[in-house]
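Letters go in sequence order (proteins before strands), and every chain restarts at 1. Computed from a prediction, not measured in an experiment: that's the story for all the values here.
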Protein chains: 2
Amino acid sequence: MSDASTDSTSPGVRLSGPLYKDVKRQMMELLTRGEWKPGEAIPAERRLSERFGISIGTVRKAIDELVGENILIRQQGRGTFVATHNRDRLLFYFFHVVAEEGPKEYPDVRLQQFAKGKADRVAADRLGVEIGDAVFRIRNLLRLGGTPVIVDDIVLPAARFPGLDEKQFRERPSTIYNLYQEAFGISVVRTSERLSATLADADSAALLDLEKNAPLLQIRRVALTYNEVPVEYRVSHVNTMHYEYWNELGRS
Amino acid sequence: MSDASTDSTSPGVRLSGPLYKDVKRQMMELLTRGEWKPGEAIPAERRLSERFGISIGTVRKAIDELVGENILIRQQGRGTFVATHNRDRLLFYFFHVVAEEGPKEYPDVRLQQFAKGKADRVAADRLGVEIGDAVFRIRNLLRLGGTPVIVDDIVLPAARFPGLDEKQFRERPSTIYNLYQEAFGISVVRTSERLSATLADADSAALLDLEKNAPLLQIRRVALTYNEVPVEYRVSHVNTMHYEYWNELGRS
DNA sequence: CAGTGGTCTAGACCACATT
DNA sequence: ATGTGGTCTAGACCACTGT
């Protein structure tokens, strides 16, 4: 219990710095390797403290950080679970388009296009692949309150989504990120977005039931999984006539 | 030092729930009342644990939460300080307009207008005051990389900013939020923003050196101080030709 | 009831900054 | 050398969930 370097759960070597950071890193490896799967409970804190041969408080500190990054979820009396992508999580963390007044709505997603293609310069750069590498291109139209509000153009690196087909997108029971997680073991943990104002092109205008050159909010998003690895590039165009992009600053 | 209910630093009554939440609440009161001032160090953790008659770990947990809300700042070996508004903090937490490529820049702010007026319906609603209450209206033009990029229209409730005048805005040495804090004891802790796409009106177009009806990113921001009290309403219009609004989701 | 996470304690020692 | 926050320990007890 004392020598971590001979423990099967600790493939890495204890290098330096705080012990709880090392424990956190080891837990991340278990997650990345899929030994702890989304939706499952991880071992109890007491058990982990015994396994790692450390104090329970140190285990808690490691878990605290993973909970803070929305990778684990604590539930008093039940256990600590690996986070899954459900509707509520999407709505709470990743979907920031809201009505001017009233509660948050979940969008009605309709697939418009599904195609295989090659990565252009921008997508390759954002996804960390080579120009010309195989990608999937998906276009979705999102409705809120019954009217079309958002056009999503998604680019996925084909190498990470082997066998992805249109059917999976149509039959998706929950969110898109849930599909990535369930079917391909890819958990989106964080996204980075860049927003700008543009004018509607003919395509977007038609889909969103607007005049050409109407003002649209453009969102360019990169979705990242564990260890900051990019897995999706998405360009959204939002009609902000009745909906807006909501954001809070200074929370962390 | 042992009985919190007779201690001058603990005016409230211990009601229920976790002890550290109560300690946090008491520390918030000290901050709100100005007994702990921005830039100053608060008493050492050991001293606080003695003063409150509790364990040092419990004090740390209360401080942890305040640090997480950017109200206190820990510095190992030096102490724990009440957060101040300097350029770096603004840039890091509250200024999200960045160049498409390259590092973050601090904007060059130029005052365009300063006037006293009455709150309209929207401003009154956002600021939690009555329609017709006295307000200050400030217009700033912000330059990045030498060119005008943002027009800020700021509304401040006059009641909270007694004696504010144009001179203070012109001679401001640091950020606007620093002025609020230094001159009026108002610490902006968090902001809530709503973004949409609009077309430039004649005024904005002239200031930003654009054609009328050019697409602009509109940001409507409410700035909040301790306990979610609104203190500023601001509408920004951003030319996103060469700069964009940057955001990260899923961090917390 | 047993098992889980949540709170709280009372210390020890470490890393860092200042004097 | 002193004082600060940062880490880590080894427990106790509480609050909650499920059986």
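Summary of the strand contacts: B:Gly57 and B:Gln76 both lie near DNA chain C, and taking for each the nucleotide with the nearest heavy atom, the more 5' one is attributed to B:Gly57. Projected onto DNA chain D by closest heavy-atom contact, A:Arg46 and B:Arg74 fall at different nucleotides, the more 5' of which corresponds to B:Arg74.
Remark: C1' of D:dG18 and CZ of A:Phe81 are 11 Å apart, rounded to the nearest angstrom. For A:Arg47 and C:dG5, the CZ to C1' distance is 16 Å, given to the nearest whole Å. Atom C1' of nucleotide C:dC8 and atom CZ of B:Phe52 are separated by 16 Å, given to the nearest angstrom. Rounded to whole Å, the distance from NZ on A:Lys61 to P on C:dC14 is 17 Å. In this structure, CG of B:Asp64 is placed 14 Å from C1' of C:dC8, rounded to the nearest angstrom. Put simply, CD on A:Glu45 is 15 Å from C1' on D:dA10, counting in whole angstrom units. Atom CD1 in B:Ile73 sits roughly 17 Å away from atom C1' in D:dG6 (whole-Å rounding). Taking atom CD1 on A:Ile42 and atom C1' on C:dG5, their separation rounds to 11 Å, with Å as the unit.
Remark: B:Ser55 is not in phosphate contact with C:dG11, judged by side-chain N or O atoms under 4.0 Å from OP1 or OP2. Between A:Thr58 and D:dT9, a side-chain N or O to OP1/OP2 separation shorter than 4.0 Å is present. Phosphate proximity of D:dG6 to B:Arg60: present, with a side-chain N or O under 4.0 Å from OP1 or OP2. The side chain of B:Arg78 places an N or O atom within less than 4.0 Å of a non-bridging phosphate oxygen (OP1 or OP2) of C:dT18.
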Run the side chain to side chain donor-acceptor pair (under 3.5 Å) check on A:Glu182 and A:Tyr177 step by step: do they pass? CA-CA 9 Å; A:Glu182 297 274 313; A:Tyr177 288 169; over 6 Å; no

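Backbone-only engagement by B:Ile54 is indicated by non-hydrogen atom pairs under 4.0 Å involving sugar-phosphate atoms exclusively.
In this structure, B:Arg47 places its CZ atom where only 12 or fewer heavy-atom neighbours from other residues, nucleotides or ligands lie under 6.0 Å away.
At a cut-off of 3.5 Å, with distance as the only test, a side-chain donor of B:Glu193 or B:Tyr245 sits close to an acceptor on the other residue. Counting only N and O atoms by type, the side chains of A:Glu232 and A:Tyr180 include a donor and acceptor under 3.5 Å apart.
Within the 4.5 Å cutoff, no side-chain heavy atoms of A:Arg194 are placed close to those of B:Asn247.
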